[in-house]
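Everything on this sheet refers to the single structure shown next.
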Amino acid sequence: MDISSDESDDWFIESLNTYKDLHVFQLEHPTKVIEWTGDKNICVAGYTGSRSEILELLLPLKLYAGENQGLCAERDFKVQHGGFSEEPIESLIHISGTRCVVTSGSSSSTLQIWDIGGDDSDVIKRTGVINLKSTSVKGCKIAPGLTDEPAVLHGSCISEVQLTEIATGRVLYTVAKESSDSVSGLQFVNACVFLICASDGTLFMGDTRDPSTCHYPLEDSKSGLHWAFGLRSDSSQSEPSGCTVARLSSSGHMLLSDLRNLQSPFCQTQLNVQHDASKNDFLNVSWAPVLDRCLSVSGFDGTVHIYNTINWSTEGQSPQPVFSHRGHEMSDEAKYSGSPPVVTTHSWHQSRPKTLLSAATDGSLHVWDWVDKITDR
Amino acid sequence: MPDIKVTPLGAGQDVGRSCILVSIGGKNIMLDCGMHMGYNDDRRFPDFSYITQNGRLTEFLDCVIISHFHLDHCGALPYMSEMVGYDGPIYMTHPTKAICPILLEDFRKITVDKKGETNFFTSQMIKDCMKKVVPLNLHQTVQVDEELEIKAYYAGHVLGAAMVQIKVGSESVVYTGDYNMTPDRHLGAAWIDKCRPDLLISESTYATTIRDSKRCRERDFLKKVHETVERGGKVLIPVFALGRAQELCILLETFWERMNLKAPIYFSTGLTEKANHYYKLFITWTNQKIRKTFVQRNMFEFKHIKAFDRSYADNPGPMVIMPGYCVQGTVGHKILNGQKKLEMEGRATLDVKLQVEYMSFSAHADAKGIMQLIRMAEPRNMLLVHGEAKKMEFLKDKIEQEFSISCYMPANGETTSIVTNPSVPVDISLNLLKREMALGGPLPDAKRPRTMHGTLIMKDNSLRLVSPEQALKELGLSEHQLRFTCRVQLHDPHSDNDTLGRIYTHLKSVLKTYSIQHVPDGTVIVESIVIKVTSSAEEPNLKVILLSWSYQDEELGSFLSTLLKKGLPS
């Protein structure tokens with residue numbers, strides 16, 4: 001293929017200036033999860049088809065070669081471990097400090113516990129299950145506990161959310177809330193305090209030392225919208241005062257709240273995106289771990305948008321992203337398929353400030369390091 | 001059990017040289033004969049002592065097949081054929097035959113002339129070796145001998161690279177060499193038909209990688225070139241003329257045009273001529289796009305890319321130069337490996353101050369590619385070479401589960417035996433068929449095997465099943481009958497006739513399902529067994545029972561003699 005003047009070629013040529021690094025990969029099966037299992041390792045898993053593969057991948061070594069980057073030819077992902085799951089995988093979490101991951105799927109009423117394995121074998125083995133009260137087509141939402149003893153916080157609706165110890169299956173905590181609202185996401189703020197975001201945007205904050213939970217519904221919640229949330233904290237041992245929560249609706253409405261005052265968000269804005277209810281599943285908002293007050297948004301289409309929230313105000317126009325990654329829309333696969341790909345998930349690199357990974361419905365997996373036109377020149 | 005044996009030569013986890021021995025249907029084939037580029041001593045050659053401890057290899061090998069011109073697949077060929085000794089046929093495609101000697105000679109020059117090594121092949125040896133080469137065309141079946149045939153398939157990867165199918169009778173093996181399942185700018189993708197070989201042998205060095213896209217590699221390349229040229233610097237691109245050079249030229253030309261760049265790009269003249277010549281010869285081996293371009297203009301005629309003259313070397317300002325491939329041992333190769341100080345002739349040392357970017361454009365099959373190839377060929381078994389079994393258990397499981405076939409991963413030096421189940425076609429005579437059908441009973445079920453008797457005649461590679469009588473007639477043999485006789489003594493006060501009658505009654509009660517006759521002439525007949533009773537005049541109570549049976553009724557005959565030895569019931 002000669003590089004002719006067509007849109008995707010233009011984009012690739014442009015990318016010489018707009019990206020510091022760009023790696024484009026094609027997985028055999030698309031993934032909805034990108035979960036870090038180490039400094040240089042991620043896990044991905046299939047969600048289409050009845051049997052799925054879980055893969056632990058080593059990031060291209062070229063990214064880490066530093067000064068010797070020129071001499072390092074390794075641009076490829078290495079499949080370090082792989083395993084088979086009997087169901088499509090909706091969520092996957094890694095338990096920090098271990099080689100254990102937990103998955104939830106769309107067809108069984110259990111959470112699966114896996115051992116990724118070490119150097120002696122490349123097979124990911126299932127080591128146990130956690131029984132759930134019910135099956136959910138969207139899969140049960142899961143989050144790792146932050147205590148020393150590995151535990152997982154899980155639930156598909158508010159009343160079923162509980163904290164289960166992985167080794168014993170013992171229930172350590174249950175949410176004493178009679179609410180059948182479905183869970184959109186949950187996460188621990190520190191070892192004891194956790195947040196649950198319901199699909200309608202309501203936030204629940206709980207403490208495993210305290211049976212009661214507080215809930216913070218939205219001021220004017222419009223029906224038919226699906227909400228996702230992203231938590232920004234400085235470290236896993238944060239106190240609530242240092243944390244910000246971003247909530248994103250499927251129509252692009254964004255709310256930023258301080259954990260000290262979840263009742264009233266300190267910032268509200270409308271992002272310039274298109275609403276499509278069929279993609280609610282892929283809605284994703286994440287805070288950058290290194291860059292100050294930057295967050296990223298995906299799931300509306302084949303783009304990942306990065307915003308700097310410092311200049312956001314409650315009134316005013318739609319904020320402009322500081323960067324938009326359009327790589328998934330520009331791939332060869334996208335050209336030939338009937339429907340354009342949608343980004344299923346994305347994740348920031350834990351230490352490299354501007355490196356992200358993103359995956360889409362066409363099986364593409366990108367690793368990219370973007371150039372901030374304002375600051376990097 | 002009939003089997004196919006595969007042994008990758010080399011030791012341990014050694015990757016970097018391909019040389020695989022296959023035994024199939026009584027034939028021995030060597031697949032590739034590569035040199036290990038990482039060693040400077042005898043370890044770079046494959047260890048042929050596996051084939052024979054001393055002496056020439058000719059009588060131990062039926063043929064040698066080379067997949068493509070990369071030195072890790074053909075580098076040890078002259079050593080094998082001229083220094084160890086092999087005079088049989090060496091098969092490779094036309095482009096491989098044309099390009100191999102160039103690479104081998106280049107390598108020999110550096111190793112012997114520049115580095116002064118001694119245990120190495122000479123120019124004459126390369127020539128003598130190439131005389132033994134029989135070129136292959138794609139998809140054309142070649143009879144190596146009466147029983148062994150081979151066929152080459154397009155492998156992509158580099159110009160002239162082939163995958164080879166080896167067939168003996170109804171057993172077959174496909175060896176992939178290095179291949180690529182995605183087309184690139186100048187080569188197509190590997191292709192094979194649903195040939196259903198008993199075994200598919202594939203390289204698995206990249207089986208556990210997920211390859212970064214071509215576009216991104218090219219992007220990086222252009223980015224680096226552009227940045228350097230913008231700064232006023234010079235870019236040297238060592239590339240093998242018959243490899244990626246064409247691709248990179250197209251890429252640079254298009255980019256220069258689009259970005260309106262003015263810096264000159266140079267290509268080494270000697271290489272251009274050679275490259276043009278070979279591309280003209282082997283145009284059918286490149287992809288569609290290249291073929292169309294070639295019709296309009298010469299392969300290396302570009303607007304922005306010109307032939308290089310040594311005098312330009314000191315020109316100031318930015319430029320891009322493509323000098324050619326850096327064989328191991330050259331200054332270029334050392335720089336590409338990160339060496340910062342070079343010792344030149346005359347003891348002078350040079351500091352390397354240029355920035356080095358190592359970029360890999362070569363196309364290999366990853367896990368996805370291997371799965372695609374298996375889907376295409378539908379082998380009964382899979383064998384992966386040059387991978388670490390411990391690190392590939394997941395891929396093995398994946399292949400075994402998805403295709404329900406066995407996947408083998410031998411270490412170098414280890415022999416794998418794959419049991420095959422070849423079908424043996426036999427012609428059955430019409431008479432025999434009719435006879436078997438006439439035996440009656442329920443209609444034969446197509447799914448259930450039925451035992452039949454016949455004689456197998458193997459003559460001139462044909463197998464025929466005929467009735468024993470016909471076989472005897474055809475072979476001009478007379479039929480012999482084997483009969484056994486046995487005498488059993490019995491004390492019985494009755495007359496001979498009565499004793500016989502008692503025997504008849506006794507047998508009838510024991511052998512309920514057999515046909516037993518009491519014939520008036522004084523015999524009892526059970527199937528083919530004849531029983532008579534005699535006694536001598538002196539001792540009328542000592543009866544002698546004479547049993548006689550034909551060979552076919554041996555079992556029953558033995559049974560009856562044992563039974564009668566026990567005596568008759570009163």
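Everything numeric here is computed off the predicted structure, so don't read it as measured data.
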Is it true that [X] and [Y] have a side-chain N and a carboxylate O under 4.0 angstrom from each other?
X: K78(A); Y: D366(B); value: no
X: K391(B); Y: D122(A); value: no
X: D220(B); Y: R75(A); value: yes

TODO: Can you tell which part of L58(A) gets under 4.5 Å to a heavy atom of chain B, answering side chain, backbone, both or neither?
DONE: neither
Task: Contact class of L55(A) relative to chain B, heavy atoms under 4.5 angstrom - done: side chain
Open item on the list: Set out, in order, the CA-CA distance, both residues' side-chain angles and the distance that settles side-chain contact (heavy atoms from CB on, under 4.5 Å) for D76(A) and I210(B), then state yes or no.
Closed with: CA-CA 6 Å; D76(A) 304 329; I210(B) 299 179; over 6 Å; no
From [X] atom [atom1] to [Y] atom [atom2], the distance as rounded to the nearest 0.5 Å:
X: F84(A); Y: E402(B); atom1: CZ; atom2: CD; value: 8.5 Å
X: K224(B); Y: L16(A); atom1: NZ; atom2: CG; value: 10.0 Å
X: E393(B); Y: I124(A); atom1: CD; atom2: CD1; value: 12.0 Å

Side chain to side chain, [X] and [Y], heavy atoms closer than 4.5 Å:
X: F394(B); Y: I54(A); answer: no
X: R258(B); Y: I13(A); answer: yes
X: T209(B); Y: F77(A); answer: no

TODO: Find out whether the Lys NZ or Arg CZ of R215(B) is both under 6.0 angstrom from the six-membered ring centre of F12(A) and within 45° of the ring's axis.
DONE: yes
Open item on the list: What part of Q401(B) gets within 4.5 angstrom of chain A, counting heavy atoms only: side chain, backbone, both, or neither?
Closed with: side chain
Open item on the list: Tell me whether D212(B) contacts the main-chain N or O of H23(A) through its side chain, where contact means a donor paired with an acceptor under 3.5 Å.
Closed with: no
- [ ] Apply the test salt bridge (Lys or Arg N to Asp or Glu O under 4.0 Å) to residues E28(A) and K398(B): give CA-CA distance (whole Å), side-chain angles for both, the deciding distance (0.1 Å), then the verdict.
- [x] CA-CA 12 Å; E28(A) 252 186 281; K398(B) 198 167 132 127; 2.6 Å; yes
Open item on the list: Counting only heavy atoms from other residues, nucleotides and ligands, does the tally under 6.0 Å from CG of D39(A) exceed 12?
Closed with: no
Open item on the list: For chain B, which candidate among E74(A), E53(A), R51(A) shows the most heavy-atom pairs at distances under 4.5 Å?
Closed with: E53(A)
